[in-house]
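The structure appears below as structure tokens.
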Amino acid sequence: MLAVGTDRQHGGNDGYDDDPDVHYSWDDTVPNARTVAVGDRIVLWDREAVIGASLIEEIETGHAEKILYRCPRCNRADIKRRKRQSPQFRCFPCSDTFDVATTRVERVETFRSRHDANWLDLGRCMDGRTLRSLCVSPKSQLSMRPLVWDAFVEALRSAGRGRGATFLEDATRWVQSRPEGHRPARVRVRVGQRGFRQRLLASFGPVCAFTGPGPVAALEAAHLYSYAAVGQHHDDGGLLLRRDIHRLFDQGDIAVDPGTLTISLRDELARYPAYTPLQGQPLTIRLDRGQIGWIEKHWRQHRSDLP
């Protein structure tokens, strides 16, 4: 899967909201759009090198209005914005150049994978040319294309990333055993999620607010509110949480009592020794007034049956 930043040339559309270590987005105008499935192993790259790999845990679907750009001469979408030359656009099929593209709005089906739980940062250990050679069709220009997985794993081992390959193989069996497939969901793009996490790391260091210091790779930027409902990042509305704690917090299974600022577990967690010591404990960081306000709202949302 091709996932790149602001320099990406989208040609006939405005691009997608990729956040590589969390989710990948596409729609039904993309070849192979409906062949991607829960449990698939995916590798993300940016044309120059591999970014990372993971497994798809779920796929959210929806619909959206999409602006499509076309060449005014031949009506093809294979056009490119030029950075330093004028006119602004060039069409590859007919070689025409122009400043204003023909546009139309089309309703499309949208897809977004969620794959952060098993994300493996590969540290650009393999260049794009090598990765392309491992595809089923090495000369393909599609943004999503089938990969020869066994050959990719062998290349990872040659690059000294054998442990990562083993991790993905083990995780595959767990993800593929789950029955969920595509599901409709309220989707709002998490623009700036990476910067949000970096600001939390700068403020608190590599510390889970509930369990204490931990590896950076195991810590996630957790919103103390529903991002899908609010639609923006509030710097006082986040904490760093260990991945498992994050999931339980989002579900309300773990919360913070706003009266005592201590951790509260639902009764269902009492049988798990890894979590029971957290009951009644203070947080490992000091909350500011804004965070306490969000904590109170989280408590009312998930513990409405309690005072």
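Heavy atoms only: backbone and side chains are in, while hydrogens, waters and symmetry mates are out.
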Handout entry: Backbone N/O of A33 and side chain of W26: donor-acceptor pair under 3.5 Å
Key = yes

Problem - Residue list, side chain to side chain donor-acceptor pair (under 3.5 Å) with R242, at least two apart or on another chain - result: D244

Handout entry: Residues R247 and E57 bridged, charged N to O under 4.0 Å
Key = yes

Fill in the blank from the handout: Note: F204 and R286 closest approach over all heavy atoms is CE2-O, 4.4 Å

Handout entry: Spacing of S25 atom OG and M1 atom CE [to the nearest 0.5 Å]
Key = 10.0 Å

Problem - Worked check of side chain to side chain donor-acceptor pair (under 3.5 Å) between H246 and E220 - result: CA-CA 7 Å; H246 186 182; E220 296 183 338; 2.6 Å; yes

Practice task
Indicate yes or no for a side-chain donor-acceptor contact from S264 to the backbone of A255 under 3.5 Å, with no hydrogens or angles considered.
Solution key: no

Practice task
Using side chain to side chain donor-acceptor pair (under 3.5 Å) as the criterion, list what pairs up with T35, not counting sequence neighbours.
Solution key: none

Handout entry: Atom of V30, atom of S143 and distance for their closest heavy-atom approach
Key = CG1-OG, 3.6 Å

Practice task
Go through the steps for I51 and L122 under the test side chain to side chain contact (heavy atoms under 4.5 Å, CB included), then give the verdict.
Solution key: CA-CA 6 Å; I51 302 171; L122 292 175; over 6 Å; no

Problem - Closest approach of L55 to H115 (non-hydrogen atoms, all atoms of both residues) - result: O-CB, 3.3 Å

Practice task
Only counting residues at least two apart or in another chain, list the ones meeting side chain to side chain donor-acceptor pair (under 3.5 Å) with T130.
Solution key: D127

Exercise for the section: Kindly say whether I56 contributes a backbone atom to a donor-acceptor pair with the side chain of D40 at under 3.5 angstrom? Expected result: no

Practice task
Considering non-hydrogen atoms only, spot the tightest contact between S113 and H23 and give its length.
Solution key: O-CB, 2.8 Å

Practice task
Starting at SG of C74, measure out to CZ of F92 and round the result to the nearest 0.5 Å.
Solution key: 12.0 Å

Problem - 4.5 Å side-chain heavy-atom contact, R70 and I79 - result: no

Handout entry: Sequence-distant partners of R104, salt bridge (Lys or Arg N to Asp or Glu O under 4.0 Å), two or more places apart
Key = E106

Practice task
Please tell me if the side chains of M144 and V36 come closer than 4.5 Å, counting only heavy atoms from C-beta onward.
Solution key: yes

Problem - Where T284 and G212 come nearest, the two heavy atoms and their spacing - result: CG2-N, 3.6 Å

Handout entry: Contact check, side chains of L283 and L261, non-hydrogen atoms, under 4.5 Å
Key = no

Handout entry: Remaining members of hydrophobic cluster (4.5 Å side-chain criterion), L142
Key = none

Handout entry: Under 3.5 Å donor-acceptor, R266 side chain and G252 backbone
Key = yes

Problem - Side-chain heavy atoms of V256 within contact of F210, under 4.5 Å - result: yes

Practice task
Apply side chain to side chain donor-acceptor pair (under 3.5 Å) to E65 and list each qualifying residue two or more places apart in sequence or on a separate chain.
Solution key: R107

Fill in the blank from the handout: Besides V148, the hydrophobic cluster formed by Ile, Leu, Val, Met, Phe, Trp and Tyr side chains linked at under 4.5 Å, directly or via other members, contains V136

Practice task
Would you mind listing every salt bridge (charged side-chain N to carboxylate O under 4.0 Å, His left out) that reaches into residues 134-158, with sequence neighbours excluded?
Solution key: none

Practice task
Could you tell me which residues satisfy salt bridge (Lys or Arg N to Asp or Glu O under 4.0 Å) with R124, sequence neighbours excluded, listed by chain and number?
Solution key: D46

Exercise for the section: Answer yes or no: is there a donor N or O on one side and an acceptor on the other, between the side chain of Y24 and the main chain of L2, under 3.5 Å? Expected result: yes

Completion exercise
CG (L131) and CH2 (W45) are apart, to the nearest 0.5 Å, by 6.0 Å

Fill in the blank from the handout: Residue pairs meeting side-chain hydrogen bond (donor to acceptor under 3.5 Å, both in side chains), one or both in residues 92-101, sequence neighbours left out, come to none

Handout entry: ILVMFWY network linking I295 to L241, side-chain heavy atoms under 4.5 angstrom
Key = yes

Practice task
For residues V50 and L156, determine if any side-chain heavy atom of one lies less than 4.5 Å from a side-chain heavy atom of the other.
Solution key: no

Handout entry: Atom pair NZ (K80) and CZ (R90), whose distance is rounded to the nearest 0.5 Å
Key = 9.0 Å

Exercise for the section: To the nearest 0.5 angstrom, please state how far the OG1 atom of T61 sits from the CD1 atom of I59. Expected result: 9.0 Å

Exercise for the section: Applying side chain to side chain contact (heavy atoms under 4.5 Å, CB included), run through L278 and T276 and close with a yes or a no. Expected result: CA-CA 5 Å; L278 296 176; T276 50; over 6 Å; no

Exercise for the section: Tell me, please, which residues at least two apart from L269 pass side-chain contact (heavy atoms from CB on, under 4.5 Å). Expected result: L248, D253, I254, L265, Y272

Handout entry: Linked, directly or transitively: I285 and V216 (ILVMFWY side chains, under 4.5 Å)
Key = yes

Fill in the blank from the handout: Sorted by chain and number, sequence neighbours left out, side-chain contact (heavy atoms from CB on, under 4.5 Å) with P72 holds for F98, T102

Exercise for the section: With the side chain counted from C-beta on, respond yes when E60 and F111 share a heavy-atom pair under 4.5 Å apart, and no when they do not. Expected result: no

Practice task
Report yes if some heavy atom in the side chain of C71 is under 4.5 Å from a heavy atom in the side chain of C94; otherwise report no.
Solution key: yes

Practice task
Enter the distance from D267:CG to Q279:CD here, rounded to the nearest 0.5 Å.
Solution key: 8.5 Å

Practice task
For a side-chain contact (heavy atoms from CB on, under 4.5 Å) with W294, tell me which candidate from E296, H298, K297 qualifies.
Solution key: K297

Completion exercise
Between V207 and L219, the two heavy atoms sitting closest are N-CD1, 3.5 Å

Practice task
Decide side chain to side chain contact (heavy atoms under 4.5 Å, CB included) for I245 and Y275; before the verdict, give the C-alpha distance in whole Å, the side-chain angles of both, and the deciding distance to 0.1 Å.
Solution key: CA-CA 9 Å; I245 300 293; Y275 300 110; 3.9 Å; yes

